[in-house]
*Asks:* 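Below is the structure I would like to discuss, written out as structure tokens.
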Amino acid sequence: MPELPEVETLCRQLTPVLDRAVLQKIIVKDARLRSVSLTAGQGVKSVYRVGKSLAVQFEKTKTLLIHLRMTGRLSWITDGTCPFYSRCVLVFDSGRLHLVDPRRFATLSIVVGDSKEKRKLLDPMDEREGRDFMILSAGRRLPVKNFLMDQKTLGGIGNIYACEMLHRAGISPWRRACDMDEQRWRRLSKAMKATLGKAIECRGTTISDWADLFGRKGSYQKQLRVYGRKGKPCPRCGAPVIRTLLSGRATFFCTSCQET
DNA sequence: CGAACGACCTGTTCGC
DNA sequence: TGCGAACAGGTCGTTC
């Protein structure tokens, strides 16, 4: 579930919460996460997002990378309760950060130093011209939707927001990335920032179980134009929204607003 | 390079 | 109502 806006929401909420927090211990409850260890007594130096990963950098060189995959959430708890499906707890002097994850797909990893430098991953929210996308997509014959979701090129866009931004830009999910002209990239680039920016303001999309650091649902689901709206009217032209599969993933679009 | 598919897990929704 | 199948926001590895 968590795509860029959800992880960005957690990042923004976690930054003040962990400011000057000192790690007391880490409790790993799921054997799949057992390889993670951190030294107690360390302070948090910074919190940042890399694509869909959340990075918690500690003072003594190590950075914890959290990837929430499908159903992962983070929950900040100060009253000693323990949420269902808590798989790991970072105990700080000021409270407990739980990794909550029913499906157990989430991953934790440790990198030495600052992972930002190691991965020069491009972020969809960075300023970028249509021209930059022309260069990035040159020779890429895959559908533009797959290009958007390819985490090695751009980090952070998943299935929901790929569908949404393509609809906003009026571009077919099947158009080959290399067949996009500069005009289309300019439109898509704007749609990308508008869609993700609005979703961040809404603290993400709650379709079934997403919640922010404090357990509140997001509200972008109220603004979805096509995702999950099979058969419902396209908000732009009223034609029914179509659901099909593209590379095995559910893909929602409007035949009349998104050129073929 | 890229598509198709199965794995990894568990909970919820759908269709008969 | 009951029950199995299909489906879910993500990624990885293998095969073609």
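Computed from heavy atoms alone, side chains included, the values below leave out hydrogens, waters and symmetry copies. Lettering of chains follows the sequences in order, A, B, ..., and the numbering in each one begins at 1.
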*Asks:* Atom CZ of A/Phe105 to atom P of B/dG11: distance rounded to whole Å?
*Replies:*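 Rounded to whole Å, this separation is 12 Å.
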*Asks:* Is it true that A/Asp209 and A/Lys217 make a salt bridge, defined as a side-chain N closer than 4.0 Å to a carboxylate O?
*Replies:*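 Judged by the 4.0 Å cut-off on N to carboxylate O distance, A/Asp209 and A/Lys217 do not form a salt bridge.
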*Asks:* What heavy-atom pair brings A/Arg229 and A/Leu224 nearest, and what distance separates the two atoms?
*Replies:*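 A/Arg229 and A/Leu224 have their closest heavy atoms at CD-O, 3.3 Å.
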*Asks:* Are A/Trp174 and A/Phe147 close enough that their ring centers fall under 6.0 Å?
*Replies:*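 Centroid distance A/Trp174-A/Phe147: not below 6.0 Å, so no.
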*Asks:* Quick one: do A/Arg12 and A/Glu8 make a salt bridge, cutoff under 4.0 Å?
*Replies:*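 Answer for the salt bridge query: yes.
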*Asks:* Would you mind reading off the distance between A/Lys145 atom NZ and C/dG10 atom C1', rounded to a whole angstrom?
*Replies:*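 Atom NZ in A/Lys145 sits about 12 Å away from atom C1' in C/dG10.
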*Asks:* Can a donor-acceptor pair under 3.5 Å be found between the side-chain atoms of A/Arg104 and the base atoms of B/dC9?
*Replies:*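 Counting by modelled atom types and ignoring angles, no donor-acceptor contact under 3.5 Å is found here.
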*Asks:* In whole angstroms, how far is the P atom of B/dC8 from the CZ atom of A/Arg32?
*Replies:*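 In whole Å, B/dC8 P lies 9 Å from A/Arg32 CZ.
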*Asks:* B/dG11, OP1 or OP2 - any side-chain N/O from A/Tyr85 closer than 4.0 Å?
*Replies:*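 Result: yes.
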*Asks:* Think A/Lys152 has a side-chain N or O under 4.0 angstrom from the OP1 or OP2 of C/dT11?
*Replies:*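 No.
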*Asks:* Any side-chain N or O of A/Tyr227 less than 4.0 Å from the OP1 or OP2 oxygen of C/dG9?
*Replies:*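 Answer yes for this pair, as a side-chain N or O of A/Tyr227 is under 4.0 Å from OP1 or OP2.
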*Asks:* For C/dG9, does either OP1 or OP2 sit under 4.0 Å from a side-chain N or O belonging to A/Arg69?
*Replies:*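 So the side chain of A/Arg69 is outside the cut-off, no N or O lying under 4.0 Å from OP1 or OP2 of C/dG9.
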*Asks:* Any side-chain N or O of A/His67 less than 4.0 Å from the OP1 or OP2 oxygen of C/dT11?
*Replies:*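 Looking at the OP1 and OP2 atoms of C/dT11, one of them is under 4.0 Å from a side-chain N or O of A/His67.
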*Asks:* Find every protein N or O atom lying less than 3.5 Å from an N or O atom of nucleotides 2-5 of chain B, and list the pairs.
*Replies:*
{"from": "B/dG2", "atom 1": "OP1", "to": "A/Arg141", "atom 2": "N", "distance (Å)": "2.5"}
{"from": "B/dG2", "atom 1": "OP1", "to": "A/Leu142", "atom 2": "N", "distance (Å)": "3.3"}
{"from": "B/dG2", "atom 1": "OP2", "to": "A/Arg140", "atom 2": "NE", "distance (Å)": "3.0"}
{"from": "B/dG2", "atom 1": "OP2", "to": "A/Arg140", "atom 2": "NH2", "distance (Å)": "3.4"}

*Asks:* Are A/Glu259 and A/Arg175 ion-paired here, with the side-chain N under 4.0 Å from a carboxylate O?
*Replies:*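 Looking at A/Glu259 and A/Arg175, the cut-off is met.
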*Asks:* Using whole Å, what does the distance between atom P of nucleotide B/dC8 and atom CG of A/Asp30 come to?
*Replies:*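 My rounded result for the distance is 15 Å.
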*Asks:* Run the salt bridge (charged side-chain N to carboxylate O under 4.0 Å, His left out) test on A/Arg184 and A/Asp179 for me, step by step, so that the C-alpha distance in whole Å, both residues' side-chain angles and the decisive distance to 0.1 Å come before the verdict.
*Replies:* CA-CA 10 Å; A/Arg184 286 191 175 86; A/Asp179 288 345; over 6 Å; no
*Asks:* Is it the case that more than 12 heavy atoms not belonging to A/Gln24 sit under 6.0 Å from its CD atom?
*Replies:*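 Yes, because the 6.0 Å sphere around CD of A/Gln24 holds more than 12 heavy atoms from other groups.
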*Asks:* Taking Watson-Crick and G-U wobble pairs with both distances under 3.5 Å, convert DNA chain B into its dot-bracket string, 5' to 3', dots for unpaired and | for cross-strand pairs.
*Replies:* .|||||||.|||||||
*Asks:* Just N and O in the side chain of A/Arg249: are any of them under 4.0 Å from OP1 or OP2 of C/dG10?
*Replies:*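 Yes, within the criterion.
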*Asks:* For a quick test of your reading: what N or O donor-acceptor pairs under 3.5 Å do the side chains of residues 81-91 of chain A make, sequence neighbours left out?
*Replies:*
{"from": "A/Thr81", "atom 1": "OG1", "to": "A/Asp79", "atom 2": "OD1", "distance (Å)": "2.7"}
{"from": "A/Ser86", "atom 1": "OG", "to": "A/Lys29", "atom 2": "NZ", "distance (Å)": "3.1"}
{"from": "A/Ser86", "atom 1": "OG", "to": "A/His98", "atom 2": "ND1", "distance (Å)": "2.8"}
{"from": "A/Arg87", "atom 1": "NE", "to": "A/Asp101", "atom 2": "O", "distance (Å)": "2.9"}
{"from": "A/Arg87", "atom 1": "NH2", "to": "A/Asp101", "atom 2": "O", "distance (Å)": "3.3"}
{"from": "A/Arg87", "atom 1": "NH2", "to": "A/Pro102", "atom 2": "O", "distance (Å)": "3.0"}

*Asks:* From the list C/dT11, C/dG9, B/dG11, which nucleotide is the closest neighbour of the side chain of A/Pro102?
*Replies:*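 When the side chain of A/Pro102 is considered, B/dG11 is the closest of C/dT11, C/dG9, B/dG11.
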*Asks:* What is the distance, rounded to the nearest whole Å, between atom CD1 of A/Ile200 and atom C1' of C/dG9?
*Replies:*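 Answer to the nearest Å: 16 Å.
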*Asks:* In whole angstrom, what separates A/Arg243's CZ from C/dG9's C1'?
*Replies:*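 In whole Å, C/dG9 C1' lies 14 Å from A/Arg243 CZ.
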*Asks:* Do you know which of A/Met165, A/Glu201, A/Glu164 makes side-chain contact (heavy atoms from CB on, under 4.5 Å) with A/Leu196?
*Replies:*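 It is A/Met165; the other options fail the test.
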*Asks:* Could you state the CZ-C1' distance from A/Arg103 to C/dC12, rounded to the nearest angstrom?
*Replies:*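 Going from A/Arg103 (CZ) to C/dC12 (C1'), I get 15 Å.
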*Asks:* So, A/Arg103 side chain and A/Thr71 main chain: donor-acceptor pair closer than 3.5 Å or not?
*Replies:*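 No, A/Arg103 side chain to A/Thr71 backbone: no donor-acceptor pair under 3.5 Å.
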